[in-house]
Number of protein chains: 2
Amino acid sequence: MTQANNVAPLFMDIAKVEHEHHLACQSCALYRLCLPLGLHSDDLAQLDTIIQRSHSLSRNQSLFDYLAPLKSIYVVRSGAFKTTVAASNGREQVTGFYFPGEFVGMDAIHSQSYQSTAKALETSSVCELPFERLSEIGAAMPQLQMQMMSRLSKELSADKNLMLLLGKKTAEEKMATFLLSLSRRFQDRGFSATEFQLSMSRADIANHLGLAVETVSRLLGRLQDGGLVHFEGKSVNIKDMHALQSLCG
Amino acid sequence: MTQANNVAPLFMDIAKVEHEHHLACQSCALYRLCLPLGLHSDDLAQLDTIIQRSHSLSRNQSLFDYLAPLKSIYVVRSGAFKTTVAASNGREQVTGFYFPGEFVGMDAIHSQSYQSTAKALETSSVCELPFERLSEIGAAMPQLQMQMMSRLSKELSADKNLMLLLGKKTAEEKMATFLLSLSRRFQDRGFSATEFQLSMSRADIANHLGLAVETVSRLLGRLQDGGLVHFEGKSVNIKDMHALQSLCG
DNA sequence: CAGGGTTCTTGACCTGGATCAATGAAAACT
DNA sequence: AGTTTTCATTGATCCAGGTCAAGAACCCTG
């Protein structure tokens with residue numbers, strides 16, 4: 001690559017190179033999973049020009065805060081995020097975890113302000129889609145609009161299933177469902193379906209599933225004792241996928 | 001004392017008049033709340049041509065079933081609906097209630113098949129938006145697409161709040177939140193915020209809030225004893241809105 | 001308007017998972 | 001290195017809300 005004497009971080013270099021060639025999205029490892037899928041190449045080129053790839057965050061840094069005015073929709077590029085909504089007292093609910101290729105911030109479109117808070121779970125980066133400009137170029141790109149709607153719709157059905165989980169499933173069913181959901185998402189991204197790392201804390205998992213941390217700890221122990229899964233700190237190794245599936249309810 | 005009798009006939013009459021004049025949307029009582037808001041009159045005229053207003057359902061009849069191929073998005077015209085998602089055994093979760101002006105079926109866009117089942121809670125009617133044709137005309141109407149996205153986004157944030165309710169709130173907080181949500185929605189539709197009819201059964205309420213029917217019954221009794229609300233069968237009369245708000249958590 | 005179903009209420013009891021408490025194991029800092 | 005702080009596990013106890021049971025009030029439909 002050029003600029004051998006430049007000491008800028010790796011991501012900056014990539015961003016620059018991509019920008020010069022106007023090929024950023026096409027050459028992205030997440031292309032298959034991401035917004036540009038199905039766009040014509042000149043539409044894609046136009047989309048490329050408005051996407052800002054610079055944004056990088058460290059652990060616990062927030063991508064946006066509750067009620068901040070909608071500026072951009074974000075696509076996770078690397079790392080992972082959680083979103084939370086808060087009740088009047090201190091309580092809050094972890095409403096979702098987001099991995100590379102997934103959209104964050106779409107619940108802000110209606111009210112034009114974010115309705116949740118998004119925090120990085122580890123060092124992470126995002127592609128930023130400035131909403132104003134996205135709307136402008138989207139006006140002439142029905143496929144882009146349809147892609148966005150499709151994404152919204154996908155998150156909507158995922159949330160309905162989460163409601164089923166929170167409202168009707170037992171602690172064990174919740175845990176099994178959660179692990180399989182992670183497994184599937186890692187697989188979709190080309191990683192192993194059976195071995196992966198939990199980027200979130202036990203507390204985040206517990207909160208997300210409507211359980212206490214202690215319960216999560218006990219459940220994980222129980223699943224491990226049963227030989228279904230092996231845990232070691234944050235790493236997960238699913239030993240019996242089928243048995244796990246039968247626990248989902 | 002069915003509240004359907006108050007509402008349904010009115011909307012039916014309007015529907016007839018509207019159709020004759022090809023002004024359906026403009027002259028609809030729900031115009032302020034509905035999709036066409038903000039469209040130019042020629043765009044609206046075009047939208048009018050694809051909307052089917054005929055559809056009417058009786059109590060318990062399903063508008064669409066889980067996994068049926070996506071045909072249309074629906075807007076409630078009169079009456080009320082519930083949507084449910086089912087777990088592998090018999091359990092199911094009531095994921096939402098839908099009132100006039102609200103959209104049903106948007107979670108089908110991504111997978112092109114409905115991801116929930118929608119049932120009428122009483123005699124109800126809908127406007128049907130054939131999705132194929134909606135996409136076609138939407139391609140040339142960015143405002144329409146944006147309206148749809150906005151609707152999706154609105155339901156998304158509502159669902160996140162429901163996750164907070166299901167995961168973190170106590171039975172009493174759930175009940176208070178639910179009653180106030182109904183109150184607000186009736187008010188938005190030009191009805192009283194303090195007196196209205198529950199179109200759904202105790203069982204549906206309980207299910208939706210992740211509670212047992214008996215708990216709902218007891219909570220309603222308790223709220224009534226406290227003088228916050230008066231119940232008589234399906235009718236609700238909120239006596240102390242403020243106190244109710246302070247119970248929402 | 002009788003009778004059979006369904007839905008709602010109320011009481012008595014029980015349990016899954018929360019809470020409390022104590023300890024161990026990692027990180028993060030100095 | 002050691003020290004502090006956060007995070008995870010494990011055990012003991014408790015309670016909010018579920019379950020079971022039995023009426024009561026409300027439908028329907030003939």
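Below, read A as the first sequence line, B as the second, and so on, with proteins coming before strands; counting in each chain starts at 1. Quantities reported herein were computed from a predicted structural model and do not represent experimental measurements.
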I'd like to know if the side chain of [X] pairs up with that of [Y] as donor and acceptor (distance under 3.5 Å, no hydrogens or angles considered).
{"X": "Glu232(A)", "Y": "Ser235(A)", "answer": "no"}
{"X": "Ser199(A)", "Y": "Lys234(A)", "answer": "no"}
{"X": "Ser113(A)", "Y": "Gln115(A)", "answer": "yes"}

It should be established whether [X] places a side-chain nitrogen or oxygen under 4.0 Å from OP1 or OP2 of nucleotide [N].
{"X": "Lys234(B)", "N": "dC8(C)", "answer": "yes"}
{"X": "Thr215(B)", "N": "dG17(D)", "answer": "no"}
{"X": "Arg218(B)", "N": "dT10(C)", "answer": "no"}

To the nearest Å, give me how far apart [atom1] ([X]) and [atom2] ([N]) are.
{"X": "Leu219(A)", "N": "dT9(D)", "atom1": "CG", "atom2": "C1'", "value": "13 Å"}
{"X": "Glu173(A)", "N": "dG17(C)", "atom1": "CD", "atom2": "C1'", "value": "14 Å"}
{"X": "Leu198(B)", "N": "dC8(C)", "atom1": "CG", "atom2": "P", "value": "10 Å"}
{"X": "Glu172(B)", "N": "dC15(D)", "atom1": "CD", "atom2": "C1'", "value": "16 Å"}
{"X": "Gln224(B)", "N": "dC8(C)", "atom1": "CD", "atom2": "P", "value": "15 Å"}
{"X": "Arg59(B)", "N": "dC26(D)", "atom1": "CZ", "atom2": "P", "value": "16 Å"}
{"X": "Glu232(B)", "N": "dT7(C)", "atom1": "CD", "atom2": "P", "value": "20 Å"}
{"X": "Lys168(B)", "N": "dG17(C)", "atom1": "NZ", "atom2": "C1'", "value": "13 Å"}

Under 4.0 Å, heavy atoms only, any strand: does [X] hit a base, just the sugar-phosphate, or nothing?
{"X": "Ser217(A)", "result": "base"}
{"X": "Ala212(A)", "result": "base"}
{"X": "Leu220(B)", "result": "nothing"}

From Asp107(A), Thr84(A), Asp159(A), Thr83(A), residue fulfilling side chain to side chain donor-acceptor pair (under 3.5 Å) relative to Lys160(B):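 Checked Asp107(A), Thr84(A), Asp159(A), Thr83(A) against Lys160(B); only one passes side chain to side chain donor-acceptor pair (under 3.5 Å): Asp159(A).
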
Closest to the Thr170(B) side chain, choosing from dA8(D), dG17(D), dT10(D): dG17(D)

Hey, could you give me the CG/OG distance between Leu164(A) and Ser116(B), rounded to the nearest 0.5 Å? 11.5 Å

Any donor-acceptor pair, under 3.5 Å, between the side chain of Glu214(A) and the base of dC20(C), if you only look at N and O atoms?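 Side chain to base: pair found, below 3.5 Å.
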
